[in-house]
*Asks:* 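Would you mind keeping the following structure in view while I ask a few things?
Sequence lines set the chain letters: A, B, ... in the order given, protein chains first and strands last, and positions in each chain run from 1.
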Protein chains: 2
Amino acid sequence: MTAIKESSTIQENKQYALEKCPVTFVMEKIGGYWKPIILYHLSTGDKRYSELKRAIPAVTEKMLIQHLKQLEADGLVIREAKPVVPPFVTYRLSTAGNGLLPIIDAMAAWAFKVKDGIYNI
Amino acid sequence: MTAIKESSTIQENKQYALEKCPVTFVMEKIGGYWKPIILYHLSTGDKRYSELKRAIPAVTEKMLIQHLKQLEADGLVIREAKPVVPPFVTYRLSTAGNGLLPIIDAMAAWAFKVKDGIYNI
DNA sequence: ACAAGTACTTACCCTAAAGTATGTAACATG
DNA sequence: CATGTTACATACTTTAGGGTAAGTACTTGT
């Protein structure tokens, strides 16, 4: 969680956009390079922290937990920690998180159409 | 179009994410605070530049054209300029741009569910 | 005694994206 | 002849986000 400065124009505009535009609201939740990838990996079942780390080798640990914490704070993923040593922590999608899957699917469908040249982009 | 530095880690990671994750690919296209709002406004029919400006008062002109140019470059919107003075320029969604609408709708649906408290976030 | 594994945390730096402010061409109108 | 309108462009600044590198606690294996 990076510190954000209150009352900068950019934050005010963000507020405006968030209220005006449901799409922006969603982008707030799943925006950030790694969040969609994390969500994708969690869509196939719950994962340990280290499993995610290995599944997404390019992500740094800082970014991984930072996004996981944010997703947790947003109520999209649920963290479960067993009180053992070494730690055993699993992450899984919440109901709201699962509700995102149709969006993810629609995005993937569009992306594949573009890549297959269905649209002449 | 902002100048980007080749071969920075962030750019390499972006590449990785773009290839691995179709969702990230889509986020690249519609990410940025104003793009979804612009797309939403264009979804109800073609609009003049000045109409968009008035429809989204909080956006600065720089951001508005910057995003419009980017959307145009990405093949999502089509720009049509009549060679008159004062200029008369309209923007509308391309086929690919229209293909985004199901995503936009799915996002809006999810956002409204969250706001209506359907999910207990 | 020491390395390894797990799940983090923290301090610092760098870049891309957004914002501010101002300027431009071309004509039409008062 | 000055002002307004439209659709931009461009130089400069700020900020949020991402990256680097290093450290922490607690236990098991060698």
*Asks:* When hydrophobic residues are tied together by side-chain contacts of less than 4.5 Å, even through go-betweens, does B/Val114 share a cluster with A/Val26?
*Replies:*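 Yes: a chain of side-chain contacts under 4.5 Å links B/Val114 to A/Val26.
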*Asks:* Could you check how far CD1 of B/Ile56 sits from C1' of D/dA7, rounded to whole Å?
*Replies:*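 Those two atoms, CD1 and C1', are 16 Å apart.
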*Asks:* Does the protein touch nucleotides 7-12 of chain C at the base, only the backbone, or not at all? Give it as B, S and - per nucleotide, heavy atoms under 4.0 Å.
*Replies:* BBBBB-
*Asks:* Taking only residues two or more places apart in sequence or in another chain, which ones pass salt bridge (Lys or Arg N to Asp or Glu O under 4.0 Å) with B/Arg79?
*Replies:* none
*Asks:* How close or far is atom P of D/dC8 from atom NZ of B/Lys82, stated in whole angstroms?
*Replies:*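 B/Lys82 atom NZ is separated from D/dC8 atom P by 14 Å.
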*Asks:* Could you give the CG-to-P distance, from B/Leu64 to C/dA18, as a whole number of Å?
*Replies:* 13 Å
*Asks:* Provide, to the nearest angstrom, the distance between the CD atom belonging to B/Gln66 and the P atom belonging to D/dC12.
*Replies:*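 To the nearest whole Å, that distance equals 17 Å.
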*Asks:* Please name all residues satisfying salt bridge (Lys or Arg N to Asp or Glu O under 4.0 Å) with A/Lys47, sequence neighbours left out, ordered by chain then number.
*Replies:*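 Partners of A/Lys47 by the salt bridge (Lys or Arg N to Asp or Glu O under 4.0 Å) criterion come out as none, since no residue qualifies.
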*Asks:* Sort and list the pairs that fulfil salt bridge (Lys or Arg N to Asp or Glu O under 4.0 Å) and have at least one residue in residues 104-121 of chain B, not counting sequence neighbours.
*Replies:*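 Listed by first then second residue: nothing to list.
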*Asks:* Supply the members, apart from B/Val84, of the Ile/Leu/Val/Met/Phe/Trp/Tyr cluster built from side-chain contacts under 4.5 Å; use none for a lone residue.
*Replies:*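 Traced through the cluster, B/Val84 reaches B/Phe88.
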*Asks:* What is the distance from CE of B/Met63 to C1' of D/dA7, rounded to the nearest Å?
*Replies:* 16 Å
*Asks:* Give the rounded distance in Å between these two atoms: CD of B/Gln70 and P of C/dA16.
*Replies:* 13 Å
*Asks:* Apply side chain to side chain donor-acceptor pair (under 3.5 Å) to B/Arg48 and list each qualifying residue two or more places apart in sequence or on a separate chain.
*Replies:* none
*Asks:* Any side-chain N or O of B/His67 under 4.0 Å from OP1/OP2 of C/dA18?
*Replies:*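 For C/dA18, OP1 or OP2 has a side-chain N or O of B/His67 closer than 4.0 Å.
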*Asks:* Nearest nucleotide by nearest heavy atom, which residue falls closer to the 5' end of DNA chain D, A/Val85 or B/Val85?
*Replies:*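 In this pair, the answer is B/Val85.
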